[in-house]
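Below is one structure; the comments refer to it alone.
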There are 2 protein chains.
Amino acid sequence: MRESTGGTRERIQAVALELFTEQGYEATSLREIAERLNVTKAALYYHFKSKDEIVTSLVEDRLDRMDALIAWARTQPAGLDTRRAVLARYADTMFTGAQPSVMRFFEQNQTVLKSLAAGRDIRDRMLQLAAVLAQGDDSPAAQLRAALALFAVHSSWFAVRAPGITDAERRRLALEVADELLAAIGRAPAGDATA
Amino acid sequence: MRESTGGTRERIQAVALELFTEQGYEATSLREIAERLNVTKAALYYHFKSKDEIVTSLVEDRLDRMDALIAWARTQPAGLDTRRAVLARYADTMFTGAQPSVMRFFEQNQTVLKSLAAGRDIRDRMLQLAAVLAQGDDSPAAQLRAALALFAVHSSWFAVRAPGITDAERRRLALEVADELLAAIGRAPAGDATA
DNA sequence: GTCTATAAAGTGATAGAC
DNA sequence: GTCTATCACTTTATAGAC
């Protein structure tokens, strides 16, 4: 169902994703996307009925994967083993196909998370994931550690500068560092708890 | 030198910072800023010669503080105590006056870090700070931990949802969680190192 | 499925009056 | 120090030919 026209729709998605990430969603015009593809703006409107529908189309896959992961996580018992498994699976989806590009787009366009429905959907799933990771410990420290663990997976893409490092090594590195954070969830904090 | 006109310049800065953070830099027009202040666009151009000069003016203070911190850090011996002290001082500047608002603006407008000179300056200082935090350990894991420690300070502003939590408590929480990351820098990683 | 042409509105920025 | 008026340009989006 996706190859009927020679893949023009997919080429639009690829170019849009790249430009949105590099320059920002608002700063990228449809004219610019069309020029890169050597088509006119009107051709874009045949494939997508608006600019933000391009984003919506980009997000569908990712949303399904996150929903599946959240649903699975909720069937598991709360505990360190589950937290580890959830984050490992999250890292798997983040290092698969076009997924990392889509998430990098959102990292670079945080305001889109508020202004577009597709952005709000992704934001909602990230919050649910963080909540599931902190399951059984509702302290502020646990919330922070859960958020940082997720961020470890994301930031391994850009925070680590090592020549010739592979995706698999980035993934393992992120999980290794995140593991210390996950292990600390559920333990009593050193000082007096805030909540 | 900043109060000659009744503070119109400062009011512009405050409104611009708020709108840029909420909606994004590109998505916020000068008309919108002017309307909120009940002045015309032309009045804005009396105080700032362009849109991005508003951002530049916002950033000056922050840049000075970061430069001072980086310079100080470089006079200190590499080690855990220094890492702790650097991050604690960083947190101090982040919880002072308008600083957190300025950094929230950049978090929400990552693409500005690439497109505007002021953004590139801030980005550069963040990278220098991360490097200084990882001093003495150039492993990929150390880079990731240093980045996460800085992010812990930033994210304590939005990742932690606790009713009535104070700034001082957020600061302490961030440093507590970050401390585990800083302590792990300089230690040999569990698996084989990538670099 | 892609084109030309254009509408309708908004944008950053400037000139010059007061 | 703020105004009115305007310039030159870009934007998203649509109508209709091919």
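A, B, ... follow the sequence lines: proteins, then strands. Residue 1 opens every chain. A quick note: this is a predicted structure, and the numbers were derived from the prediction, not measured. All values below were derived from every heavy atom in this structure, side-chain atoms included, with hydrogens, water molecules and symmetry-related copies excluded.
Atom pair B/H47:NE2 and D/dG1:C1' shows a separation of 6 Å (rounding to whole Å applied). A/E53 has its CD atom 15 Å from the P atom of D/dT12, to the nearest Å. Rounded to whole Å, atom P of D/dT11 lies 9 Å from atom CD of A/E35. Look at CD1 on A/I54: it is 12 Å from C1' on D/dA13, rounded to the nearest Å. Spacing between atom CG of A/N38 and atom C1' of C/dC3 amounts to 14 Å, rounded to whole angstrom units.
Applying the ring-ring contact (aromatic ring centres under 6.0 Å, His included) test to residues at least two apart or on different chains, the pairs with a partner in residues 127-156 of chain B are A/F151-B/F151, B/Y90-B/H154.
Here B/R31 pairs with B/E35 in a salt bridge; the nearest charged N to carboxylate O distance falls below 4.0 Å.
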With B for base contact, S for sugar-phosphate-only contact and - for none (protein heavy atoms under 4.0 Å), nucleotides 4-18 of chain C reads B------SBBBB---
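Between B/Y46 and D/dT2 there is no side-chain N or O to OP1 or OP2 distance below 4.0 Å. At C/dT2, one or more side-chain N or O atoms of A/T8 fall inside 4.0 Å of OP1 or OP2 (strictly under the cut-off).
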Worksheet entry | From CA spacing to verdict: side-chain hydrogen bond (donor to acceptor under 3.5 Å, both in side chains), A/Q135, A/Q76 | CA-CA 11 Å; A/Q135 229 173 3; A/Q76 300 301 111; over 6 Å; no
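Using a 4.5 Å cut-off between side-chain heavy atoms of Ile, Leu, Val, Met, Phe, Trp and Tyr, with links allowed through other members, B/L182 and B/W72 fall into the same hydrophobic cluster. A/L144 and B/F158 fall within a single hydrophobic cluster, where Ile, Leu, Val, Met, Phe, Trp and Tyr are joined by side-chain heavy atoms under 4.5 Å apart, directly or via other members.
Residues B/E169 and B/T166 have side chains that bring a donor and an acceptor to within less than 3.5 angstrom of each other. No donor-acceptor contact under 3.5 angstrom links the side chains of A/Q99 and A/T93, judged on distance only.
Side-chain contact between A/L181 and B/V177 is present, with at least one heavy-atom pair separated by less than 4.5 Å.
For the helix from C/dG1-D/dC18 to C/dC18-D/dG1, the rotation axes defined at the first and last 5 base pairs enclose an angle of 10°, given to the nearest 10°.
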